[in-house]
Amino acid sequence: MQMLKIKLLLLLSVVCNVMYAQTGNAENIQKSVLKDYTYQELEKKFYETKPEDVKSKRDIAKYYLQKAKEEKDEVQIAEAYVMLHVDESLPNALKYLDSLQSVTKKSKEIYYPARTYLLRGNLYFKSDNLQAALNNYVLGLKYAKEKGYKRQIAMAEISIAYLKNYIGKHAETAKTLRYYLYNADYMNESEHTILRLNLADAYIEINKMDSAYMLIQDGLLAAKKSKNVYAYHQNLGLLGYYNLKLKKYNVAIENLLKCKNFFFTASYPSKRNQNYTLLNLGKAYAGLQESNKAIENFAKIDSMVLKTNYVFPELREVYTYLIDHYKEKKDKEKQLYYVERFLDVDKVLDTRFRYISRELPRRYDTPNLLQEKESIIKELKQRKIFLYIVLGILVIVLLLFVNFYFKYKNAEKKYRKIAQDLIQSVNENKKEPEAEIQKEEVVPDIVLPQNTENTENVENTEDRTTKTISEDITQSILKELDIFEKKEQFLNRGITLGTLAKKIKTNSKYLSEVINTHKGKNFAAYLNDLRIDYAISRLARDRRFRSYKIPFIAEELGYNNEQAFTLAFKKRTGTPLSIYLKEIEKTVNETKDNSDVV
């Protein structure tokens, strides 16, 4: 008998050694495979591994940590603790996050320490410890705002919005979720899916049914496209709730039964999805007066609450229905049982509700309002400064405008005076005997500002010119120029120094020197002055000529275009053509009025 025991012990020892060796070999094989992976590849492999394959995920995370510690890479050590806390029990997960907090205590990364608090908040939320979840979310939000990290601020505010939804502040929840759904392009597809689902749920609660339906349909379409069966059934469950609210009970039941089959057979079950599917299914059956089926679903919820301790606000409706049902059936035992169950659950819900209702405004809403108040005060100050700047600019612009206006008026007055003097000069010449004017047909002398420089040039160059050109030639050229002026040949287009010299049978050099010496100007100025003097006189005397459009007048005077004429006019007279024309009309009208009075 003793020998038998020894043999059994030896056999057990051998088996254990073999098993240990096999385990050791398996670990060695796992390590030998993983050692070829980079940190990024290990991380990708970890998150792509199915949630139910806990051992593989844990092995990857442990090897990641070992590799990071060997290489003394604190950033990667932190990532390893993040991976290790996933799918762990609450106590173990919290230990890993404590290690994460310790490793990242002096980290300069923008996402620490907020990341640790947000992860811890998610853990507590998942385990229904809403008080601890809120505390960590608020701290995470605080540090995220200090670092100015938009993504973490969004995650914290979205998580707090979910807590608001819990205490019935559905409109505030919808406001936050709607903002981040359409203004957070830094979120991934999975995060957008969850956000869209919760926003649709909040819309149903506040009776924005059309908006909710659009989001649900978007979710179903996206899930089909990406072949995400889980997300598809989440949206289908929400569609069931949507139809329940619209009292389309049969359609709701059809949606929810499909969800029930999926969520209760899924390899990675969700307490929330299971409970809410049963809740809405029971309410749909109650709506059809099928109380037995309603009771079946509600009783199933109670049994799940006993096993998992997962409670949610709508449980009050479940127990109220169960109590009323068994009261009507006069089943005192079950009625009493569900009354006690209701009291137990209500106590938990009341504690959570009171805490969240009290702490959310104190720890989240009030600081936000104070920050909003500061922002408003700052904005008002900025607006005031901006207003002063605008007013200052307007005053400067007004002063510049006034200055410009007076300068313009003074210039206009000056121009009008010049125009009036020109008109007076033309009218004085008009009083000469008509016969003499018709006989000579000479452009009347116009009194214009004299250029003293030109006079000096004439005096200084006269002696020099006469030395180079004989007196006979000079007089001959002057005689030809006199004919050129009297016959108004200067009005012909295309006149040049060369063409005129050829016409009067001299050379360009002689002609240029004579004009410079005796006319006190170069050929271009001489030609322009003749044309403008002619224009001054004819515009004042000839009403028909004055009625022509400016381009036609310019052409008549030998100019190639309107601009050349108007520029030459102002340069010669010192007043714009438009003002000269206005003053002529004004003078003509005044003369006419005076004659009518006489």
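A donor-acceptor contact shorter than 3.5 Å is absent between the side chain of Ser425 and the backbone of Asp421. Remark: the backbone N or O of Ser470 is paired with a side-chain donor or acceptor of Thr474 at under 3.5 angstrom. Judged by distance alone, with hydrogens and angles left aside, the side-chain atoms of Thr173 form a donor-acceptor pair with the main-chain N or O of Ala161 at under 3.5 Å.
Taking the centre of each ring, Tyr117 and Tyr143 come in below the 6.0 Å mark.
The neighbour count for Lys147 NZ, taken as heavy atoms of other residues, nucleotides or ligands under 6.0 Å away, is above 12. Counting heavy atoms of neighbouring residues, nucleotides and ligands inside a 6.0 Å radius, atom OH of Tyr186 exceeds 12 of them. More than 12 heavy atoms of other residues, nucleotides or ligands shown are found within 6.0 angstrom of CG on Asn183. In the displayed structure, Met214 atom CE is contacted under 6.0 Å by at most 12 heavy atoms of other residues, nucleotides or ligands.
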List the steps, then state whether salt bridge (charged side-chain N to carboxylate O under 4.0 Å, His left out) holds for Glu485 with Lys519. CA-CA 12 Å; Glu485 292 173 13; Lys519 303 295 181 180; 3.2 Å; yes
For the pair Arg196 and Asp218, evaluate salt bridge (charged side-chain N to carboxylate O under 4.0 Å, His left out) and give the outcome as yes or no after the intermediate values. CA-CA 9 Å; Arg196 187 168 50 229; Asp218 287 345; over 6 Å; no
Where do Lys145 and Gln152 land on the side-chain contact (heavy atoms from CB on, under 4.5 Å) test, with the steps shown first? CA-CA 8 Å; Lys145 282 184 175 180; Gln152 285 185 330; over 6 Å; no
Would you please test Glu412 and Arg416 for salt bridge (charged side-chain N to carboxylate O under 4.0 Å, His left out) and show each step? CA-CA 6 Å; Glu412 187 182 31; Arg416 287 173 58 195; 5.4 Å; no
Worked check of salt bridge (charged side-chain N to carboxylate O under 4.0 Å, His left out) between Glu74 and Lys106: CA-CA 10 Å; Glu74 289 190 355; Lys106 296 180 181 179; over 6 Å; no
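Residues Glu471 and Gln475 have side chains that bring a donor and an acceptor to within less than 3.5 angstrom of each other. Side-chain contact check for Asn122 and Tyr137: at least one donor-acceptor pair (N or O, by modelled atom type) lies under 3.5 Å. Between the side chains of Ser190 and Thr193, not a single donor N or O lies within less than 3.5 Å of an accepting N or O. A side-chain donor from one of Tyr559 and Asn528 sits under 3.5 Å from a side-chain acceptor of the other.
Screening Gln76, Glu79, Glu71 against Tyr39 for a side-chain hydrogen bond (donor to acceptor under 3.5 Å, both in side chains) leaves a single residue, Glu71.
A cation-pi contact, defined as under 6.0 Å to the ring centre and within 45° of the axis, is absent between Arg531 and Phe490.
Smallest separation of non-hydrogen atoms from Leu197 and Leu238: O-CD2, 3.3 Å.
Residues passing the side chain to side chain donor-acceptor pair (under 3.5 Å) test with Tyr415 are Lys570, sequence neighbours excluded. Not counting sequence neighbours, Asn228 has no partner by the side chain to side chain donor-acceptor pair (under 3.5 Å) test. Partners of Glu191 by salt bridge (charged side-chain N to carboxylate O under 4.0 Å, His left out), not counting sequence neighbours, listed by chain and number: Arg151.
Using a 30° and 60° split on the angle between ring planes, Phe523 and Tyr526 fall in the tilted class, from 30° to 60°.
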